[in-house]
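Read the structure below first, then the notes.
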Amino acid sequence: MPDAPETRRVTRSPWPGLYGTWIDSARHYPRHWHGTYGIGVVERGGQRSASGRGPVEAVAGDVITTNPGEVHDGRPLDGQNRRWHMVYLEPALMDEWAAELGAPAGHGLALVRPVIADTALAASLRRLFARLDAWQAQGASDAAAVLACEEALAQACAPLLTRHATLLPRTGDGEAEADRQVARARERLADSLAQPPTLAALAAEAGLSRFQLIRRFRQAYGVPPHAWLVQLRVERARGLVARGAGLAGAAATCGFADQSHMTRAFVHLLGFTPGALQR
């Protein structure tokens, strides 16, 4: 049981490709992924999570990261609330900063460790969080506050990308290592958010049995097909809401039964409501 009520906040930024979250919770998050890079600091307590490098633990003061598409979960170490502050950057925004630091074209970036003990990086992230909060409080038209946020973002990205990231070659479709049969099933789901095909139809198109498809899909993407579909619905809806779409319209477009269904999925996977993101 949580030792205090769950609290959460979504923070805007001067850029459409970046937003922040502040969460204090004992919630157990299921396996899920984001379409963005996530970088943050554990401020209190600790958590255990799955990651692309296996199970990891993070405690107060640690920097925590996720890559786009990296499947992870999260639960408190001791059953009590833990508090963490995150910023999420769209890949295009991260690429922009990487290019300024000399990353060659035609490569992507991977943050190499899900938990990082780097006090200087943690301090630069806290400075960024504080300046985003100040910008939001002062009003989006405050040019000096925008400059302060941009400076803080640069000071956080420099150590993150030079000390804790590696370059990855980009392939034409991002699926160089994924099983092509399973990738076809994933693409079919992505094209049919509102009316997804049955498991039998997906398996038949991939030339696999239903058992084989579930097993190989989980191996390739970390979760089975239905969980991946729900996560993609959430990611698509998050993007629509962030760009100003109405909640009911975003829910319908992304295949949710209604706005309440979308809200439950957001809280379950992201820890905040689409209304908080909209505000």
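The model shown is predicted, which means the values in this text are computed figures rather than measured ones.
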Apply the test side-chain hydrogen bond (donor to acceptor under 3.5 Å, both in side chains) to residues R264 and S260: give CA-CA distance (whole Å), side-chain angles for both, the deciding distance (0.1 Å), then the verdict.
CA-CA 6 Å; R264 290 193 298 273; S260 296; 4.9 Å; no

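- Criterion: ILVMFWY side-chain heavy atoms under 4.5 Å apart, direct or through other members. Under it, L189 and F256 are not part of a common hydrophobic cluster.
- Separating the CG atom in L193 from the CZ atom in R233 is a distance of 6.5 Å, to the nearest 0.5 Å.
- The pair D118-R163 meets the salt-bridge criterion, since a charged nitrogen lies less than 4.0 angstrom from a carboxylate oxygen.
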Going through the checks in order, is the salt bridge (charged side-chain N to carboxylate O under 4.0 Å, His left out) test met by R113 and E70?
CA-CA 12 Å; R113 285 186 292 278; E70 181 178 4; over 6 Å; no

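- For the pair V87 and Y19, the minimum side-chain heavy-atom distance is 4.5 Å or more.
- Looking at every heavy atom in both residues, P224 comes nearest to I214 through CB-CG2, 4.4 Å.
- R238 has its side chain out of reach of H34: every pair of non-hydrogen atoms, C-beta onward, lies at least 4.5 Å apart.
- For the pair L109/P91, no side-chain contact is recorded, criterion being any heavy-atom separation below 4.5 Å from C-beta on.
- A centroid separation of 6.0 Å or more is found between the aromatic rings of H32 and H268.
- With respect to the salt-bridge test (charged N to carboxylate O, under 4.0 angstrom), the residues D73 and R48 do not qualify.
- Taking the charged nitrogens against the carboxylate oxygens, E43 and R82 have no contact shorter than 4.0 Å, which rules out a salt bridge.
- With respect to E187 and R180, a salt bridge is recorded, a charged nitrogen being found less than 4.0 Å from a carboxylate O.
- A heavy-atom distance below 4.5 Å is not found between the side chains of L18 and M94.
- The shortest non-hydrogen separation linking Q231 to L269 is OE1-CD1, 3.6 Å.
- Taking 4.5 Å as the limit, some side-chain heavy atom of V267 sits within range of a side-chain heavy atom of R27.
- In this structure the side chain of V10 reaches within 4.5 angstrom of the side chain of L277, judged on heavy atoms.
- Taking the charged nitrogens against the carboxylate oxygens, D133 and R9 do have a contact shorter than 4.0 Å, which makes a salt bridge.
- Taking each heavy atom of I64 and V41 in turn, the nearest pair found is CG1-N, 4.4 Å.
- With contacts defined as side-chain heavy-atom distances shorter than 4.5 Å, the pair Q47/P76 does not qualify.
- By the 4.0 Å N-to-carboxylate-O rule, E6 lies close enough to R8 to be salt-bridged with it.
- Counting all heavy atoms, side chain and backbone alike, C149 lies closest to W135 at SG-CB, 3.5 Å.
- Under a hydrophobic clustering in which Ile, Leu, Val, Met, Phe, Trp and Tyr are joined whenever their side-chain heavy atoms come within less than 4.5 Å, directly or via other members, V71 and Y29 fall into different clusters.
- Atom OG1 of T263 is separated from atom CZ of F272 by 11.5 Å, given to the nearest 0.5 angstrom.
- Judged as a side chain to side chain donor-acceptor pair (under 3.5 Å), and not counting sequence neighbours, R236 has no contacts.
- Every residue meeting the ring pair (Phe, Tyr, Trp, His ring centres under 6.0 Å) condition with W33, not counting sequence neighbours, appears here in chain and number order: W228.
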